[in-house]
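In what follows, residues are counted from 1 in the order of the sequence shown.
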Amino acid sequence: SIPGVVGWEKNDKGQMGPKLANMRSSMDPVKLAEGSVDLNLKLMKWRLVPELNLEKVMKSKCLLLGSGTLGCGVARGLLGWGVRHITLVDNGKVSFSNPVR
């Protein structure tokens, strides 16, 4: 007789045990990040720019010259708007007086 309990099932040995679920595919950090960016873009399109072509934005490529203070802000903005292919070019050197860079 199977008890009327939710979340239990017979295992390979025929004994009752907890029901297991593999959540690996739904908890992938890359997929979660892409899903959240996609949702954010859909919301921006719906509220701010209805004529925005999301496929065109996602497939666009950007070359960003300089990744200092201004370049980092621009890169963050591009990522927020859904640009997924950004190439950063910067020949600056990190000095001991500017470790944040």
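With values rounded to the nearest 0.5 angstrom, M44 atom CE is found 7.0 Å from L52 atom CG. In this structure, the separation between CG on L54 and CH2 on W81 is 9.5 Å, given to the nearest 0.5 Å. The SG atom of C72 sits 7.5 Å away from atom CG of L88, with the distance rounded to the nearest 0.5 Å. Rounding to the nearest 0.5 angstrom, the gap separating the NZ atom in K61 from the CZ atom in R84 is 14.0 Å. Separating the NZ atom in K10 from the CD atom in Q15 is a distance of 10.5 Å, to the nearest 0.5 Å. Summarising the geometry, atom CG belonging to L65 is positioned 11.5 Å from atom CG belonging to L70; distances are rounded to the nearest 0.5 Å.
The heavy-atom pair separating S67 from D90 by the smallest distance is OG-CB, 3.2 Å. When all heavy atoms of N40 and G80 are compared, the closest pair comes out as ND2-O, 3.9 Å.
Hydrophobic clustering (ILVMFWY, side-chain heavy atoms < 4.5 Å, transitive): L48 and M58 are in one cluster. Under the 4.5 Å side-chain heavy-atom criterion for Ile, Leu, Val, Met, Phe, Trp and Tyr, V37 and V49 are members of the same hydrophobic cluster. V74 and L63 are members of different hydrophobic clusters when ILVMFWY side chains are connected at heavy-atom separations under 4.5 Å.
Taking 4.0 Å as the cut-off between side-chain N and carboxylate O, D38 and K31 do not count as a salt-bridged pair.
Just one residue in the list N53, I86, V83, L78 forms a side-chain contact (heavy atoms from CB on, under 4.5 Å) with S60, and that residue is V83.
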